[in-house]
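Computation of the quantities below employed the complete heavy-atom set of this structure, encompassing side-chain atoms and omitting hydrogens, waters and symmetry-equivalent molecules. Counting convention: from 1, in listed order, for ligands and their atoms alike.
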Amino acid sequence: MPELVFFSGTMDCGKSTLALQIEHNRSARGLAGMIFTRDDRAGEGKLSSRLGLVTDAVEVEDGQDLYAYLVDHLSQGGRADYVIADEAQFLGPEQIDQLARVVDDLDIDVYAFGITTDFRSKLFPGSQRLVELADRVEVLQVEALCWCGARATHNARTIGGEMVVEGAQVVVGDVDQSADEVGYEVLCRRHHRRRMTAASARAAALSPDVLPVSPS
Ligand SMILES: Nc1ncnc2c1ncn2[C@@H]1O[C@H](COP(=O)(O)OP(=O)(O)O)[C@@H](O)[C@H]1O
Ligand SMILES: Cc1cn([C@H]2C[C@H](O)[C@@H](COP(=O)(O)O)O2)c(=O)[nH]c1=O
């Protein structure tokens with residue numbers, strides 16, 4: 001039975017790498033995939049991983065009907081044995097419904113990849129719809145780690161290393177940005193709740209308040 005699978009996790013946990021591996025293994029066996037993405041850091045119409053791999057993809061637009069796009073593609077003689085949708089958190093809820101229809105009405109597997117929650121730990125609308133509709137939600141096995149060593153479960157947005165909680169839900173960016181730039185850092189829940197990033201933890205450790213007092 002074809003499935004709608006949502007591979008979810010924090011930023012930087014290997015989602016795009018897995019998407020590219022699924023694509024590689026299927027295309028190596030002569031299958032043809034339809035690859036959708038939206039706002040990948042590598043630019044328009046690209047699906048990229050931090051391991052350096054990249055492939056061309058269809059850049060999804062606001063309000064684009066993904067089911068109609070597939071039907072159109074197939075009726076013009078194109079092939080689509082499976083569908084990959086990366087950065088699926090940026091898709092609209094109605095586009096997730098269209099992907100579910102691709103599975104049910106066209107009998108095509110759909111593999112969606114995305115982060116579940118934003119920098120305020122609120123669900124992205126597209127991810128919420130995926131959780132509601134997916135046949136399976138898969139958490140990636142290689143865990144991203146918080147600076148404290150615990151499994152990272154949350155995404156923090158940072159400016160100059162400090163966590164911020166105000167701003168637009170969508171700001172394309174990366175982890176390990178240099179100071180002053182808007183960036184992201186993955187944290188465990190405890191440190192996300194305390195707004196404690198690697199930089200603020202380092203600063204706290206160096207603060208005179210916590211330096212050992214010399215005996216003299
Ligand atoms: N230099 C490296 N050597 C080995 N693995 C790396 C390296 N750089 C990144 N990675 C791996 O790639 C993962 C990020 O992959 P990516 O597919 O870009 O993540 P996502 O799409 O989830 O944001 C990291 O968690 C890490 O496991
Ligand atoms: C938490 C959060 C992230 N984003 C953006 C930042 C990146 O461009 C993508 C996630 O990409 P990845 O391949 O999973 O690293 O999402 C955002 O716009 N808003 C947020 O709150």
Side-chain angles (χ1 to χ4, degrees), residues 5-25 33 35-57 59-62 84-93 95-96 111-131 137-178 181-189 191-193 195-198:
V5 187
F6 180 30
F7 293 93
S8 82
T10 59
M11 288 180 68
D12 197 26
C13 72
K15 302 178 299 298
S16 300
T17 304
L18 181 60
L20 286 158
Q21 286 178 307
I22 288 177
E23 157 63 15
H24 176 82
N25 289 355
I35 307 178
F36 291 120
T37 191
R38 186 166 178 165
D39 290 336
D40 188 287
R41 283 179 302 275
E44 201 164 302
K46 297 287 172 200
L47 189 173
S48 71
S49 128
R50 291 181 182 80
L51 283 176
L53 297 169
V54 62
T55 192
D56 289 334
E59 182 78 18
V60 176
E61 309 289 341
D62 264 346
I84 287 173
D86 198 27
E87 306 292 355
Q89 72 276 3
F90 293 150
L91 301 183
Q95 290 172 324
I96 305 300
Y111 307 108
F113 299 82
I115 53 176
T116 323
T117 54
D118 67 11
F119 68 112
R120 291 194 196 98
S121 59
K122 300 288 181 202
L123 289 164
F124 282 93
S127 308
Q128 178 182 339
R129 197 67 187 132
L130 273 163
V131 171
V137 178
E138 297 280 343
V139 177
L140 270 77
Q141 282 182 358
V142 180
E143 54 197 21
L145 299 180
C146 178
W147 58 266
C148 70
R151 182 184 185 119
T153 47
H154 289 66
N155 304 297
R157 182 178 292 161
T158 58
I159 297 181
E162 298 295 324
M163 181 167 154
V164 294
V165 291
E166 299 295 330
Q169 185 175 52
V170 177
V171 176
V172 173
D174 205 351
V175 292
D176 294 330
Q177 294 298 95
S178 59
E181 280 181 276
V182 175
Y184 291 93
E185 181 174 336
V186 294
L187 298 174
C188 66
R189 187 193 59 237
H191 289 126
H192 194 275
R193 283 185 49 245
R195 300 186 192 176
M196 196 174 272
T197 60

- Starting at CG of Leu91, measure out to CG of Asp39 and round the result to the nearest 0.5 Å. 10.0 Å

- Task: Describe, in one word, how the ring planes of Phe90 and Phe124 are oriented to each other, choosing from parallel (under 30°), tilted (30 to 60°) and perpendicular (over 60°).
- Result: perpendicular

- Message: Quick one: does any side-chain atom of Lys15 pair with a main-chain N or O of Thr10 as donor and acceptor, under 3.5 Å?
- Response: yes

- Item | Per-ligand residue contacts, ligand 2, heavy-atom threshold under 4.0 Å | Met11, Asp12, Lys15, Arg41, Arg50, Glu87, Gln89, Phe90, Ile115, Asp118, Phe119, Phe124, Asn155, Arg157, Gln169, Val170, Val171, Val172, Gly173, Tyr184

- Query: When rounded to the nearest 0.5 angstrom, what distance separates CZ in Arg38 from CG in Asp62?
  - Reply: 4.5 Å

- Among Asn155, Val175, Asp176, find the one that has a side-chain contact (heavy atoms from CB on, under 4.5 Å) with Asp12. Val175

- Mark yes or no for whether Trp147, through its side chain, and Glu185, through its backbone, hold a donor-acceptor pair below 3.5 Å. no

- Message: Any donor-acceptor pair under 3.5 Å linking the side-chain atoms of Gln89 with those of Glu87?
- Response: yes

- Message: As a test of understanding, state which of Asp40, Thr17, Asp86 forms a side chain to side chain donor-acceptor pair (under 3.5 Å) with Ser49.
- Response: Thr17

- Does His192 use its side chain to pair, donor to acceptor, with the backbone of Phe119 at less than 3.5 Å? yes

- Message: Residues around ligand 1, heavy atom under 4.0 Å from any ligand atom, sorted by chain and number. Can you pull those?
- Response: Met11, Asp12, Cys13, Gly14, Lys15, Ser16, Thr17, Ser49, Arg50, Leu51

